[in-house]
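Beneath this line is the structure, given in structure tokens, with notes to follow.
Labels below follow one simple rule: chain letters A, B, ... track the order of the sequence lines, proteins then strands, and each chain is numbered from 1. Everything quoted here is computed from the prediction, not taken from an experiment.
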There are 2 protein chains.
Amino acid sequence: MRSPKPLAASQIAAEPHGGSQAIHRAAGLAEEVYEAIFARLMALKIPPGARITVDNLVRELAVSQTPIREALGRLEGEGLVVKTHLVGYSAAPQITRRRFEELYDLRLLLEPEMAGRAAATMTDVALAELTAAAGVMSRNGGTDERARYSQFARQDAVFHDQILEVAGNELIRETLVHQHTHFHIFRLMFHARVTEEALDEHAAILAAFAARDPAAAEQAMRVHVERSRDRLLPAFDL
Amino acid sequence: MRSPKPLAASQIAAEPHGGSQAIHRAAGLAEEVYEAIFARLMALKIPPGARITVDNLVRELAVSQTPIREALGRLEGEGLVVKTHLVGYSAAPQITRRRFEELYDLRLLLEPEMAGRAAATMTDVALAELTAAAGVMSRNGGTDERARYSQFARQDAVFHDQILEVAGNELIRETLVHQHTHFHIFRLMFHARVTEEALDEHAAILAAFAARDPAAAEQAMRVHVERSRDRLLPAFDL
DNA sequence: CAATACGATATCCTATACGATTTCGTGCAG
DNA sequence: CTGCACGAAATCGTATAGGATATCGTATTG
């Protein structure tokens, strides 16, 4: 968990260049390899549980084994890949239902409280940025379902992350961002449908911020997280 | 010359449970390198911010560069070491005061709630184990200060971890354990004095568990964490 | 037909060599 | 005496080779 983490959920649509190079030695080769693998995981190009061979990555990325191993080790430390001795690396398995519930339990313990604090310390400029982020979400009616969801996933992550930033606790913010990367993969697997409800709930949170009402913000966030959980829970019954 | 020289048992300096040579083939060399470096960090044999050269590790552990790089990458993913391009690895810097306060903020949001849940679901056997762990802490009056603190640090970690285990949320448990590794290094740096207060506070938590009183357990844990914070805060004024 | 044994392939794991870059010590000039 | 420049040492980054092990397909036998 590194400090300058600029919310990495932005690599979702990274698919265009299908080439096998374009990796230049700008700031460390291992860094780029890491991001390349990370993007593949986030985009489900490597589905959960799938094997990850270093030879394939050597061919695809046109770099030697060493930086690839280093990047894989780092991903292992973050829990996104697992390694079994004499077998190799593979993407982390799909999240279990129990884990899912534990994650929402954690979110419910932290995010409403953080939303309440954010409401107390909200500045006008921060509120404007937050409203802008939420606004982008609502005005994309014509695009197709796939792109629409991708758009929502990014903006939803930004929305929650900005609230945590205003709340002021970087450690909690990093913790939730880290968990979000795991969660994102799960959500993508089931093509969770984005309903208008989520947008309405975001609007309710914004209203509480605008009123500088910590209690209302806390309650609105709690309702939002709980409903988000309930919207996704049926995915486990498939 | 393919003799896999066993890692020197130097990493078990603080661990009295040295179980001789272990299963090399089962776990992999990188695993052992990881644990060796981890132990060095926990024991402050590598102080915060110090450089970590792979050549030194090659000589000390008698293994090649590759498994060392892999282990360092994993440690980087966990945030215990940092890497700067074309400079190398170094131990993570000392925790800042702000980070310290954020950590206790997080603990206060989670641990009292978890203690309350634990009190509700506490079994007799779990309570006995917990009491045993707390009991070990109090009966070591004759030893020297250094060993006494080392003993306390281990048992305190076990105490809190067992409570989280009873509470039932593995994700929260893992999160706090992970943060504890960072915190442990800080606490060790300042030879934080272990007062009898901490033991009394643990006893109060146990009493609430014995009475199966969630509200009392939550309150006792809150008091304990807050006082722990206040005991350590003066270290930043040095 | 099913189950097991065997062998070929793929992959991991380790070791070593070489180039690129930073860092640090030393000497010289101001 | 201090600051700067230059060069040597140290270290990282990369690449390649070879040994060890698991996996998978095929053939053989009950």
> To the nearest Å, how far apart are Glu32(A) CD and dT14(D) C1'?
Replying inline: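 Nearest whole value for this atom pair: 15 Å.
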> Which whole-number value in Å describes the distance from Ile68(A) CD1 to dA15(D) P?
Replying inline: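 The distance from CD1 of Ile68(A) to P of dA15(D) comes to 9 Å, rounded to the nearest Å.
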> Tell me, for nucleotides 5-14 of chain C in 5' to 3' order, what letter each nucleotide earns: B for a base near a protein heavy atom under 4.0 Å, S for only sugar-phosphate near one, - for neither?
Replying inline: -------SBB
>> Would you say His178(A) and His178(B) are linked by a side-chain donor-acceptor pair, where the criterion is simply a distance under 3.5 Å?
In response: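 Judged by distance alone, the side chains do not pair up.
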> What pairs with Phe100(A) under ring pair (Phe, Tyr, Trp, His ring centres under 6.0 Å), at least two apart in sequence or on another chain?
Replying inline: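 Phe100(A) satisfies ring pair (Phe, Tyr, Trp, His ring centres under 6.0 Å) with Tyr104(A), Phe186(A), Phe236(A) only.
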> Is any side-chain N of the basic residue among Glu76(B) and Arg69(B) closer than 4.0 Å to the acidic one's carboxylate O?
Replying inline: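 Salt bridge absent between Glu76(B) and Arg69(B).
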> Hey, are Arg98(A) and Glu101(A) close enough for a salt bridge, meaning a charged N less than 4.0 Å from a carboxylate O?
Replying inline: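 A salt bridge is absent here (no side-chain N lies under 4.0 Å from a carboxylate O).
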>> Please enumerate all residues that pass side-chain contact (heavy atoms from CB on, under 4.5 Å) together with Ile185(A), with sequence neighbours excluded.
In response: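 side-chain contact (heavy atoms from CB on, under 4.5 Å) check on Ile185(A) returns Met42(A), Leu44(A), Pro48(A).
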